[in-house]
Structure formats: C-alpha cells, structure tokens
Amino acid sequence: MKLLRVGPAGAERPVVLAADGTAYDLSGRTRDIDGAFLAGLDAAELAAAVAAGELPPTDIDGLRIGAPVVRPGKVVGIGLNYRDHAAEAGAQIPAEPVVFLKPSNTVVGPNDEVLVPRGSEKTDYEVELAVVIGRHARYLDGHPEAAAVIAGYAAVNDVTERAFQFERGGQWDKGKSAETFTPLGPWLVTADEVADPQALALRLWVNGELRQNGSTAEMIFPVLEIVRYLSHFMVLEPGDVIVTGTPAGVTLGHPGTPFLRPTDVVELEVEGLGRQRQVLGKA
C-alpha cells in the first residue's frame, strides 16, 4: 500500500492509495500517520479493507502532499554508503556505517520549498532511499529480525550544507540540520510491496540536468544490515526514519559545478517510491 498525508502544513490528513491510484481517507482509522499507527499497521488487512469498500474514497487532486510520516522521533543518517560517492568525496570506504542524526523538524513534504540557510556557501543535494521503522528494535540479532521491524520505504532528499559539514569543525550534523533539509515522500510504500530494497534506481536532476543516476545495489552496507547495526547503538522506534546514503553525482564531487542557489529546481525519484520537486528559496 501507499500511505500519504495531504493538506496544508500542520493540518494534513492521512490517505491510502490503492493500486489503481484511487485515494481513500484513513481519518476514520487514525488521526495521522505516526508511530502509533505504524506500530499497528497490517498492510494485508488494510488492503482488504480497501477492497471491501470499508474506507471512503477522497479527492486529493491539487492538494499539497506532506511528508508521509508526521514528525519522526528521529532521523538517522548513514554517510558514505555508496562506493562511487565515497570515491568522489575522496574518502576511504568505511569499515562500519558512518552515522549522524538530523533533527525531526527538518522533515518537510516532497514538493515543499527548500531554504538555502543564511551564510550558506555550499548547499548540496542527495537522493536517497529512506527506511521507515514500524516496530521497536533493540539489539537485533540478524537480517530477518531487521526486516520484521521495517514498516516501509520512501524517497528522500538529504539536503546538506557542505561548508557547514566539513569546514566549520565539529560534527556532520551541523551541515545536515537546517530547516527543510529532509524532503520526504511523496508516499510511504509498505515493505511488502518492495521486493528488494537493494534493486532500486535513484535519479536526481538540477534545473533539468541529470546529476545522479545510481542504484541501491551499490550500497556498501545494505538496508537490513543498517537497521541491525543501528539497533545496537540506539533503540529504533515506530515512525523513526533512516536515510541510507547517496550515490555519486553530488556537487561536492564535481569542482566547478555551482552549488544550489535560490530559484534552482531539484527533482528526484526512487524507483517505485515516487518523485519529488523542490524550488530553492532563501532562509
């Protein structure tokens, strides 16, 4: 199933999209798509309810699409997780996942304005696969246990200010944490509909120019290993979001290519997970 939230920022309502594209209102079942809803989510049962006509159809044409999960408890990032991206960044292949945290208030809708921060010199893009957690996870033993705690997947842009990240000292979080820096969605696709999270194409364009064209097959640490690994350092909770790294093609790896500026247009897609479009503004 495809889960999404539509309406003005702060007043979104939950919706499920059927296979034929018809939207059905989930408001009778849940106030929002949050951790509590995801913890009890049974995708097969929800599909059966749609097929049985138990949910009212709703018209969402022209409505703003919000992030498919309301205010995650945490957003966990994985850095340098594609070999080609590590190479273009001049970094060694990490022996263990590189982990950073993004504030949950960076999460916005897939087509919302992205703001270039004040003082920014090097705002950059990163198309990524996002993993949304649906069960509490701590000290997972292996990949089957990791698969069991995943609610679904979404497309995400892990927007990053490189000067803040690398040139201002301290931790990577400094370059990852500006408002609007995590456009998520348009949908959360339930895990049962993603046959292999390691076989998804990722693409990103800036002003119509293709900049990134990769595949999750090139991850250094695959999705299930990331979830297992993280559960040994933090408790993962329903509604948490993991952004799993980006392939080559970011501005950082191409000297002479201009970084993002106000009025630039970023478009991206992850195979089967939908498409985003953001116009850059100024904070």
Side-chain angles (χ1 to χ4, degrees), residues 1-7 9-16 26 30-41 43 64-79 81 97 99-112 114-115 126-138 140 146 148-160 171-173 175-191 194 197 223 226-231 233-246 268 270 273-274 276 278:
M1 305 297 290
K2 293 183 175 71
L3 304 174
L4 68 160
R5 301 167 61 248
V6 299
E12 298 92 343
R13 57 187 174 89
V15 169
V16 59
L26 279 173
T30 182
R31 182 186 60 82
D32 214 333
I33 299 175
D34 54 13
F37 173 75
L38 294 174
L41 177 63
R64 171 187 172 271
I65 300 174
V69 181
V70 62
R71 195 68 180 252
K74 56 184 171 290
V75 179
V76 186
I78 305 297
N81 196 32
V99 179
F100 59 89
L101 294 174
K102 302 189 74 168
S104 60
N105 65 4
T106 62
V107 176
V108 294
N111 305 315
D112 289 345
V114 168
L115 300 176
E126 295 188 8
V127 59
E128 305 197 12
L129 172 66
V131 179
V132 180
I133 299 299
R135 302 287 187 273
H136 280 85
R138 58 190 298 273
L140 298 175
V149 307
I150 296 173
Y153 300 92
V156 66
N157 187 358
D158 176 20
V159 186
T160 306
Q171 302 296 313
W172 279 19
D173 302 39
K176 300 281 188 176
S177 299
E179 58 185 325
T180 74
F181 264 26
T182 316
L184 183 67
W187 315 301
L188 186 163
V189 178
T190 53
V194 179
V223 165
I226 290 169
V227 174
R228 185 208 66 80
Y229 179 88
L230 289 176
S231 77
F233 296 91
M234 64 188 74
V235 176
L236 300 173
E237 298 179 325
D240 286 350
V241 174
I242 303 169
V243 295
T244 56
T246 198
L268 64 88
V270 178
L273 304 182
Q276 301 185 358
Q278 297 114 31

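We number each residue from 1, following the sequence as shown.
- Within the 4.5 Å cutoff, the side chain of E237 has no heavy atoms near those of the I133 side chain.
- Of the possible donor and acceptor atoms, none in the side chain of T106 sits under 3.5 Å from a partner among the backbone N and O of S177.
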Notebook entry, point to check: Does the pair V243 and L184 meet the rule for a side chain to side chain contact (heavy atoms under 4.5 Å, CB included), with working shown?
Noted result: CA-CA 10 Å; V243 295; L184 183 67; 5.8 Å; no
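- Side-chain N or O atoms of N157 include one that pairs as donor or acceptor with a backbone N or O of E126 at under 3.5 Å.
- Across all their heavy atoms, A155 and G274 have their closest contact at CB-O, 4.3 Å.
- No side-chain donor-acceptor contact under 3.5 Å links S231 to the backbone of A137.
- When side chains are defined from C-beta on, I150 does not count as touching V194, because their heavy atoms never get closer than 4.5 Å.
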Exercise for the section: Apply the test side chain to side chain contact (heavy atoms under 4.5 Å, CB included) to residues L3 and V16: give CA-CA distance (whole Å), side-chain angles for both, the deciding distance (0.1 Å), then the verdict. Expected result: CA-CA 5 Å; L3 304 174; V16 59; 3.9 Å; yes
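- One N or O on the side chain of R135 and one on the backbone of A39 form a donor-acceptor pair closer than 3.5 Å.
- At a threshold of 4.5 Å between non-hydrogen side-chain atoms, the residues Q278 and V108 do not count as touching.
- From I33, atom CD1 reaches atom CG of L4 across 6.5 Å, with rounding to the nearest 0.5 Å.
- Put simply, CG on D158 and CG on L129 are 12.5 Å apart, with the number rounded to the nearest 0.5 Å.
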In residues 65-78, what donor-acceptor pairs under 3.5 Å come from side-chain atoms, sequence neighbours left out?
{"from": "R71", "atom 1": "NE", "to": "S104", "atom 2": "OG", "distance (Å)": "2.9"}
{"from": "K74", "atom 1": "NZ", "to": "V235", "atom 2": "O", "distance (Å)": "2.7"}
{"from": "K74", "atom 1": "NZ", "to": "D240", "atom 2": "OD2", "distance (Å)": "2.6"}

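- When all heavy atoms of G185 and P110 are compared, the pair lying nearest together is C-CB, 3.8 Å.
- Of all the heavy atoms in F100 and D173, the pair that sits closest is CB-OD1, 3.7 Å.
- One finds the NE2 atom of H136 at 9.5 Å from the CG atom of L236 (value rounded to the nearest 0.5 Å).
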Q) Where do V227 and V149 land on the side chain to side chain contact (heavy atoms under 4.5 Å, CB included) test, with the steps shown first? A) CA-CA 9 Å; V227 174; V149 307; 3.7 Å; yes
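- When E128, K176, K102 are each tested for a side chain to side chain donor-acceptor pair (under 3.5 Å) with T182, only one passes: K102.
- Under the salt bridge (charged side-chain N to carboxylate O under 4.0 Å, His left out) criterion, R64 pairs with E12, D112, sequence neighbours left out.
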* Could you walk me through whether V241 and V156 pass the side chain to side chain contact (heavy atoms under 4.5 Å, CB included) check? -> CA-CA 10 Å; V241 174; V156 66; 5.9 Å; no
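- In this structure, T30 contributes its side chain and F37 its backbone to no donor-acceptor pair below 3.5 Å.
- Remark: L140 CG to R228 CZ distance equals 8.5 Å, nearest 0.5 Å.
- Of the inter-residue distances, the one linking L230 atom CG with I242 atom CD1 reads 5.0 Å to the nearest 0.5 angstrom.
- Side-chain atoms of Y153 and L188, non-hydrogen and from C-beta on, never get closer than 4.5 Å to each other.
- The two residues W172 and G79 come nearest to each other via the heavy atoms CZ3-CA, 3.7 Å.
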